[in-house]
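Since the structure comes first, as structure tokens, the remarks are kept for the end.
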Amino acid sequence: MTLFSQFFEQARLAARALAEFGEGLFSPTVRLGITGLSRAGKTVFITALVHGLMRGGRFPVFEPLANGRIAAVRLAPQQHDAVPRFDYENHVRALVEERRWPDSTRQISELRLLIDYQSENGAMRTLTLDIVDYPGEWLLDLPLLGKSYEQWSAESVAQARGGTRASLATPWLSHLATVDPIAPADESVAIEAARLFTGYLQACRDERYAMSLLPPGRFLMPGDLGGSPALTFAPLELPEGAEPPYGSLWAMMRRRYDSYREVVVQPFFREHFARLDRQIVLIDTLAALNAGPDAVRDLQGALVSILDCFRIGSGGIFNALFRPRVSKILFAATKADHLHHSSHDRLEAILGEMVSAAISQAGFEGAEVDVIALAAVRATREGHVRGEGGSLPSIIGFPASDETVASEKFDVQGEIAVFPGDLPENAGTLFDPNTDAFRGLAGGCGKSADFRFVRFRPPQLEQIADGLPALPHIRLDRAMQFLFGDRLR
Ligand SMILES: Nc1nc2c(ncn2[C@@H]2O[C@H](COP(=O)(O)OP(=O)(O)O)[C@@H](O)[C@H]2O)c(=O)[nH]1
Ligand SMILES: [Mg+2]
């Protein structure tokens with residue numbers, strides 16, 4: 001970015017901040033970002049939160065509701081006309097009436113809620129809560145803004161050759177070996193390279209491997225850009241210190257990488273990310289534990305990248321492009337209902353360990369950060385099953401129809417009880433770099449993996465006089481209190 005365009009950005013942001021500040025004086029607004037990698041639980045979280053607020057769910061820790069200060073919660077037309085609306089009505093129907101998990105979304109979307117409440121001094125007020133759902137994959141693109149195509153290529157190729165990734169990258173790497181970067185640009189070579197590279201990224205995301213750190217984010221979550229030239233590029237193996245010959249494949253790939261940064265990455269950070277006030281980052285910690293130590297390390301790397309986006313006052317190119325104004329960030333381990341409650345605190349401790357390591361690695365300062373283990377929707381109840389060592393704390397629920405355990409498909413109609421495995425008391429043992437700390441599915445051990453978390457169907461609800469009640473949850477109220485409870489005082 002040139003100096004002039006940086007200056008222009010700064011001026012534009014300052015003008016906008018002033019305008020939004022003025023607006024905020026009349027109607028207080030919180031823009032709450034909900035992010036997380038695909039399948040972390042964003043859609044379920046937003047649906048359960050909105051449904052719970054509108055139906056007056058059981059939220060003892062969410063103070064304004066518990067104290068009866070919330071008079072009404074309603075949906076309102078959103079602020080931005082060009083952003084898709086979060087499809088709340090369809091998602092809630094799926095979850096509550098049809099007892100199936102909502103369809104996954106691959107886009108940014110918004111939903112506006114108006115909360116009428118009585119302030120602590122007795123006055124009636126309305127808080128506007130703008131909920132913004134966006135793919136966490138897109139946050140992982142931030143580092144690309146500071147990297148040339150050549151740097152990114154070298155790093156991506158090196159990364160693909162190490163650890164678990166190597167075997168998954170074979171088809172792409174063998175193609176790469178046949179590509180001459182200084183040959184004349186050829187669209188069909190670019191398409192094939194992008195296809196194989198995307199295939200490699202997708203294989204890494206597969207639940208057996210559950211890798212997290214996989215930029216460019218739009219290759220996995222294209223939004224509305226699938227198939228466009230800005231997404232049709234891939235790393236090349238390049239001679240060091242040289243410049244691409246005019247008209248070469250290398251030159252074309254570099255141009256597309258640069259467009260990706262300009263037309264995709266920068267607008268996202270400027271138009272959406274920079275406007276958030278509060279943020280929850282949903283993390284499927286259990287999926288990483290399921291997959292094994294490599295996935296846990298990879299998730300750790302992704303957390304560092306994510307925190308980098310929220311760093312205030314880091315200077316340089318990022319701050320010229322946007323100033324994060326998020327004042328509170330909550331990292332949440334989702335799907336805690338896959339564990340017996342005796343393990344909820346342990347799950348929180350595991351994520352807490354990862355987040356504090358990421359905070360020191362990223363040299364993070366800025367927002368207030370907290371960590372929680374939650375289930376936006378509780379799909380299970382608890383019980384005990386008899387095992388070899390006596391009675392084991394287990395969870396009971398209806399297995400999702402497509403669920404398999406150690407490659408055996410469930411064909412049961414009724415409920416099942418599962419012992420999901422014990423999380424370690426000392427979270428540190430999971431991150432010991434000197435040992436393969438535990439066994440996961442990526443190791444190919446299937447049945448002997450240390451943890452195996454089963455997917456359940458959403459819970460059955462008892463009909464009440466005026467429809468279906470709010471969904472059961474675990475600690476959703478604590479998350480709400482942290483994220484916007486203070487704005488309802
Ligand atoms: N048991 C349980 N499963 C959940 C919960 N949240 C998400 N899931 C599961 O995770 C899947 C992905 O969730 P979704 O909200 O679509 O993820 P997104 O891609 O981040 O929007 C769902 O289809 C459910 O199977 C939860 O609170 N409890
Ligand atoms: Mg979603």
Side-chain angles (χ1 to χ4, degrees), residues 30-59 62 65 70 72-78 83-115 128-136 221 276 278-284 330 332-338 372-380 397-398 400 455-464 466-484:
V30 173
R31 280 185 75 75
L32 171 63
I34 318 285
T35 198
L37 300 180
S38 123
R39 311 215 50 83
K42 299 179 291 295
T43 305
V44 172
F45 179 87
I46 298 171
T47 308
L49 181 143
V50 174
H51 185 64
L53 275 173
M54 300 216 299
R55 304 281 316 169
R58 274 203 68 240
F59 296 131
F62 183 49
L65 191 66
I70 292 187
V73 178
R74 45 211 161 95
L75 292 168
Q78 72 196 47
V83 178
R85 181 173 177 276
F86 181 82
D87 192 3
Y88 172 70
E89 291 74 11
N90 267 323
H91 294 327
V92 90
R93 188 173 319 120
L95 203 52
V96 175
E97 287 172 26
E98 297 163 23
R99 285 187 68 201
R100 60 178 181 81
W101 299 105
D103 297 333
S104 68
T105 43
R106 340 196 82 227
Q107 272 276 11
I108 187 160
S109 66
E110 281 191 20
L111 190 69
R112 173 167 277 190
L113 277 185
L114 300 181
I115 306 177
T128 303
L129 183 65
D130 280 331
I131 297 177
V132 186
D133 171 4
Y134 67 95
M221 279 290 136
L276 302 174
R278 302 284 164 94
Q279 176 67 50
I280 181 167
V281 183
L282 302 174
I283 297 169
D284 193 347
L330 183 59
T334 52
K335 313 180 194 179
D337 59 325
H338 290 195
I372 191 174
L374 61 76
V377 174
R378 176 176 208 151
T380 62
F398 295 86
R455 291 199 305 119
F456 294 95
R457 277 186 76 185
Q460 199 152 20
L461 299 174
E462 298 283 327
Q463 187 88 23
I464 51 173
D466 60 340
L468 289 165
L471 293 147
H473 65 89
I474 297 167
R475 300 180 184 178
L476 179 58
D477 49 349
R478 222 179 90 197
M480 288 158 56
Q481 181 62 26
F482 177 83
L483 291 169
F484 52 90

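The residues of the chain are indexed from 1 along the displayed sequence. Keep in mind the model is a prediction, meaning the values are calculated, not measured. Computed over heavy atoms, backbone and side chain alike; hydrogens, waters and symmetry mates excluded.
Side-chain contact between Asp133 and Thr43: present, with at least one pair of heavy atoms (C-beta onward) separated by less than 4.5 Å. For the pair Phe59/Arg478, no side-chain contact is recorded, criterion being any heavy-atom separation below 4.5 Å from C-beta on. Side-chain contact between Leu374 and His473 is absent, with no heavy atoms from C-beta onward closer than 4.5 Å. Val377 has its side chain within reach of Pro459: a pair of non-hydrogen atoms, C-beta onward, lies under 4.5 Å apart. Within the 4.5 Å cutoff, the side chain of Val96 has heavy atoms near those of the Leu471 side chain. Looking only at side-chain heavy atoms (C-beta outward), Leu32 and Leu483 come within less than 4.5 Å of each other. Using a 4.5 Å heavy-atom cutoff, the side chains of Leu75 and Val50 are in contact.
Between His51 and Val92, the closest heavy-atom pair is ND1-CG2, 3.6 Å. The shortest non-hydrogen separation linking Phe45 to Ile34 is CE2-CD1, 3.8 Å. Counting all heavy atoms, side chain and backbone alike, Val132 lies closest to Glu110 at CG2-CG, 4.2 Å. When all heavy atoms of Ala373 and Ala336 are compared, the pair lying nearest together is C-CB, 4.3 Å. Residue Ile280 comes nearest to Ala332 through the heavy atom pair CD1-CB, 4.0 Å, listed as atom of the first residue, atom of the second, then distance. When every heavy atom of Val83 is checked against every heavy atom of Ser109, the shortest pair comes out as CG1-CA, 4.0 Å.
Here the OH-CG distance, from Tyr88 to Leu49, works out to 9.5 Å after rounding to the nearest 0.5 Å. In this structure, Leu276 CG and Arg31 CZ are separated by 6.5 Å, a value rounded to the nearest 0.5 Å. Going from atom CE of Met480 over to atom CG of Leu53 covers 4.0 Å, rounded to the nearest 0.5 Å. Atoms CG and NE2, on Asp284 and His338 in that order, are 8.0 Å from each other to the nearest 0.5 Å. For the atom pair Gln481 CD and Leu330 CG, the distance stands at 12.0 Å (nearest 0.5 Å). The CZ atom of Phe86 sits 14.0 Å away from the CG atom of Asp130 when rounded to the nearest 0.5 Å.
Residue-environment remark: CZ (Arg55) exceeds the threshold of 12 foreign heavy atoms within 6.0 Å.
Counting only residues at least two apart or in different chains, side-chain hydrogen bond (donor to acceptor under 3.5 Å, both in side chains) contacts with residues 33-42 are absent.
At least one cation-pi condition fails for Arg278 and Phe482: the charged atom is not both under 6.0 angstrom from the six-membered ring centre and inside a 45 degree cone around its axis.
In terms of modelled atom types and a separation under 3.5 Å, the side chain of Thr334 and the main chain of Gly41 share no donor-acceptor contact. A distance-only check finds no donor-acceptor pair linking the side chain of Gln78 to the backbone of Leu111 [under 3.5 Å]. Listed for the Arg99 side chain is a donor-acceptor partner under 3.5 Å among the backbone atoms of Pro458. Between the side chain of Trp101 and the backbone N or O of Phe456, at least one donor-acceptor pair lies under 3.5 Å.
Between Glu98 and Arg457, none of the side-chain N atoms (NZ, or NE/NH1/NH2) sits under 4.0 Å from a carboxylate O, so this pair counts as no salt bridge. We find that Arg106 and Asp103 are not joined by a salt bridge, their nearest charged nitrogen and carboxylate oxygen being 4.0 Å or further apart.
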